[in-house]
Amino acid sequence: MNCEVCQLKELEVEHFEIREVLRCILHTIVFHRALGLVRPKDIDLELFEITYVQCGDVEVEKKIDDKIEQFISWVEKHPNKKSQICLSFYEVKNKQPSWFTNKIERLYWEQWYVNLNVIQLPKVHSSKSHHSKVVVDPGESTSEERSIRRATLEASLRDVLFQIIKFVNEKKDHVPPISENVMYFPYEITIPRSVPSAFASF
Amino acid sequence: MDLQSYPQPESGKLEQIVSQFLLKILHVILDSRVPSFHRHERSSDLSSVSRVKRSDRWFNLILGDRPAALDNLNFWQRNLMDPMIIDIILVHQGPSSLSTGNVCTTSAVGASTETVIERWAVQYESPRLMAPPTGETSSSYKKTYKKSIILLRSLYSHMRLLPAYRVFRQLSSSSQISNFDIIYKVSSFTDPFSRPEEETMKEYVFVPVEAFRGRLSVSVTYRPTLSCFNLELSTSLPPKIITDYVGSPSIDPMRSFPSSEKGDHATSFSLRGTRPPVSAPFQRPHSWTSGFHKAAPMTQNQPLSGSPPAYRTPPMPCDISSSPTDNYGYRVRPLFHQKATSYDEYQFSPPFSPYASPSPPTPMQTRLRSETAPVTIPLPVSSRSSRYFSPNFSDPNRHSLPPLSPRSTKHDPSSQESPSGNRSYRRAESLRTAELYSGAMNHYSGHKMIKDSKDDSGRFSGLLSSSGSPRVGFSRSSSRLSFQDELDDGDFSCPFDVDDVDASDSLSCLVYLSCTTADYVPVFSLLQCSMNYDVEAMTQNLDGKKASESLSMGTKSQDAAVGVLVHMLRTAPPLRQDPSCYSSHSMRTEVEEGVSTASGFFMPRKTVDALEELRSYREMKDLLLSKSGTRVISREEG
């Protein structure tokens with residue numbers, strides 16, 4: 001079984017937007033891969049006019065929130081960097097115990113990469129910035145430009161959600177059979193090292 | 001859904017998957033687009049996955065209860081191969097802002113226009129030339145099932161990303177009144193879009209799911225933007241105390257409640273502020289099945305012959321009476337919407353009569369037209385089996401309620417002594433605030449009340465049980481019982497639907513009844529009278545007096561009307577037997593408790609307002625008493 005990989009469109013987010021954006025994307029992905037009996041839960045984003053769907057499982061919600069918190073902590077230590085969050089679905093294969101290893105093997109069959117570029121906009125009246133890599137255009141701190149940026153982000157987030165739906169529709173054959181009484185396929189969320197800044201924008 | 005439990009051959013299983021797929025998709029689409037449908041769903045128990053119906057487990061997507069007609073495709077088609085076209089139609093009015101590009105349909109001011117904003121096409125395509133694949137095992141239908149689960153998941157998410165979803169959410173918002181609505185139409189084939197329309201629409205095709213000897217395909221054609229429609233939302237009027245409403249003791253008590261232009265029409269709150277009164281209720285076709293029913297008259301934009309008639313919600317009865325009803329405009333929308341779409345639930349719930357004009361009021365009712373319309377707090381009506389709830393106009397026995405039980409009269413012995421007219425009428429006067437109060441009381445203390453009243457009279461408990469809801473206040477159940485006949489007869493129109501087994505609905509039905517025109521006044525005057533018992537008990541406890549006893553009106557013209565009221569009072573069933581359980585504190589607690597338990601039906605502050613108003617009326621009463629001094633009042637009972 002091959003492993004399908006989906007690289008989601010990069011989103012430029014501010015620090016305070018990370019939580020909502022990540023929740024939206026991660027929950028949407030999990031919802032489409034929670035093929036057991038679910039009662040969908042509609043969640044409205046506060047920052048954007050977008051409604052996404054959660055699978056309604058408390059464990060999933062907790063796991064995703066914990067990972068998001070970890071990511072935010074990481075972002076605080078590594079500001080203004082592009083980063084990826086990887087959501088992987090796997091099957092558990094019990095490897096034949098041998099005298100080398102007795103581990104349970106994970107067979108990844110799908111990986112989603114959420115690409116974020118966390119930016120930090122300067123404050124309105126700050127004359128100096130000690131962040132040399134502040135990704136900002138001059139004058140962006142005006143409220144009008146902020147709202148434009150917000151609208152752009154909302155459109156991009158919507159595109160990402162459409163991208164997820166498209167991928168989910170196009171690639172179905174690799175999905176393992178659904179187990180009884182299991183709501184979702186086992187998954188893990190990893191926070192890889194930041195993307196090399198060769199791709200960083202101005 | 002465990003397909004292995006179905007001992008059916010492959011083709012049977014596949015057919016079952018396909019038919020359930022069509023039903024599920026229909027359910028998803030309607031649940032995400034049609035506000036009343038959605039509200040219908042929310043009334044069901046959403047608590048536990050384990051209590052999900054079997055039919056709802058299909059495709060592992062729990063959506064909640066669906067109308068019974070959606071349990072099979074009999075209403076829809078006989079042939080699984082027929083496509084299912086679901087049109088989501090935006091009903092809007094007023095001049096829409098449009099360009100010459102004709103993106104949106106024009107409409108004259110006040111006229112209502114319908115525009116298809118989404119068209120979903122679902123079909124099981126089975127090419128006849130396709131040879132049955134060899135080597136297919138029983139896993140083929142399992143794969144099909146798994147893939148259709150994925151497809152439904154993506155469809156569910158996708159529906160929330162399309163522009164129409166925001167319109168749906170606006171409509172579903174219960175706190176706003178809108179000048180637009182969403183209806184739907186299901187057909188097996190429909191006229192294609194016109195060229196200009198097609199150019200403005202986008203299409204999204206879901207990847208078909210391969211099925212044995214065919215495939216399931218879903219696609220949507222939608223308008224990418226709905227900003228050209230003049231969709232207005234207005235916040236509902238905040239509740240306010242009306243100090244000079246009709247029937248206030250400080251104003252001519254016999255002043256008629258302003259009636260609408262069409263005397264025999266219900267006054268209803270206009271959900272769309274700009275909609276003018278209509279002369280006759282819109283008769284809607286109500287059939288989905290193709291070929292069985294002749295095509296009903298359709299408005300423009302609807303396909304005609306060859307497709308089933310439009311199955312839509314009727315527009316709101318939009319008589320707008322004058323200012324008094326404006327004051328009651330808050331939060332009426334949910335109920336109206338609920339009412340309107342009772343039509344489209346025609347196929348899904350026990351059929352009820354089409355919307356028809358109400359019968360003219362009887363002479364006695366005319367006399368009672370002066371009774372006040374109490375301020376009420378609209379409640380969301382969640383109706384699973386919506387039925388038209390119409391007041392009984394022509395039934396002469398309507399107001400012949402069972403006689404008061406001995407215990408109930410114990411608290412009001414003066415009812416038999418004091419001048420009947422004055423006391424009853426006074427009760428009606430003071431009901432306005434009381435209703436705000438006792439309505440909540442009825443709702444949340446109904447259970448207790450019913451327990452108390454059970455012993456009073458076998459008739460009462462019998463009546464209560466027939467209502468089917470242990471939490472229904474007795475006044476509601478009694479009045480409702482008089483309406484039961486009407487529900488069955490279906491001869492009367494009513495702008496409201498009431499689920500007569502849902503306690504939450506009962507209060508709203510009572511509440512809404514009181515907000516309609518003078519035609520309905522006699523009905524809720526009956527309710528008023530029965531609820532007056534609450535007022536009495538309440539006011540008794542508050543200051544030890546009987547409020548109703550002490551007011552005197554003293555005009556001949558009122559006596560006749562009051563006499564009728566007294567008769568109703570005397571024959572009204574008791575509401576509460578134990579006045580000691582009422583105190584202002586306990587009532588407030590109950591109300592607040594009700595607020596927390598009943599999903600915020602009542603705002604605590606309204607109860608407080610009601611109390612204040614009640615006190616103000618008490619003061620007025622005292623003032624009048626001191627002025628008139630014509631009646632002997634018996635005070636201090638018990």
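Just the heavy atoms: all of them, side chains too, but no hydrogens, waters or symmetry mates, feed the values below. First the proteins, then the strands, lettered A, B, ... as listed; each starts at 1.
Between B:Arg160 atom CZ and A:Asp44 atom CG the span is 10.0 Å, to the nearest 0.5 Å. With rounding to the nearest 0.5 Å, the separation of CD1 in B:Ile62 from NZ in A:Lys41 is 13.5 Å. Taking CD1 of A:Ile178 as the start and CG of B:Asn60 as the end, the distance is 6.0 Å to the nearest 0.5 Å.
Taking non-hydrogen atoms and a 4.5 Å limit, the residue list of residues 155-164 of chain A in contact with chain B, ordered by number, reads A:Arg158, A:Leu161, A:Phe162. Close approach to chain B, defined as a heavy atom under 4.5 Å from one of its heavy atoms, is seen in A:Ile50, A:Thr51, A:Val53 of residues 50-64 of chain A, taken by number.
Side chains of B:Lys146 and A:Val175 form a contact here, defined as non-hydrogen atoms less than 4.5 Å apart. When side chains are defined from C-beta on, B:Tyr156 does not count as touching A:Val38, because their heavy atoms never get closer than 4.5 Å.
With hydrogens and angles ignored, the 3.5 Å screen pairs no side-chain donor or acceptor of B:Lys142 with any backbone N or O of A:Pro177. At least one donor-acceptor pair closer than 3.5 Å links the side chain of B:Arg166 to the backbone N or O of A:Glu49.
A side chain to side chain contact (heavy atoms under 4.5 Å, CB included) with A:Asp173 is found for exactly one of B:Lys147, B:Lys143, B:Glu210, namely B:Lys147.
Shown here for B:Val207 and A:Lys172, the closest heavy-atom pair between the two residues is O-NZ, 3.5 Å.
Here A:Phe48 pairs with nothing under the ring pair (Phe, Tyr, Trp, His ring centres under 6.0 Å) rule; sequence neighbours left out.
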Quiz item: Taking it one step at a time, do A:Asn169 and B:Leu151 satisfy side chain to side chain contact (heavy atoms under 4.5 Å, CB included)?
Solution: CA-CA 6 Å; A:Asn169 264 277; B:Leu151 174 60; 3.4 Å; yes
Show every donor-acceptor pair shorter than 3.5 Å between a side-chain atom in residues 27-37 of chain A and any protein atom, with sequence neighbours excluded, or say none if there are none.
residue	atom	partner	partner atom	Å
A:Thr28	OG1	A:Cys24	O	2.6
A:His32	ND1	A:Thr28	O	2.7
A:His32	NE2	B:Ser157	OG	3.1
A:Arg33	NE	A:Glu110	OE1	2.7
A:Arg33	NE	A:Glu110	OE2	3.2
A:Arg33	NH2	A:Glu110	OE2	2.7

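Around NZ of B:Lys202, the count of heavy atoms belonging to other residues, nucleotides or ligands within 6.0 Å does not exceed 12. The number of heavy-atom neighbours closer than 6.0 Å to CD of A:Glu76, taken from other residues, nucleotides and ligands shown, is above 12.
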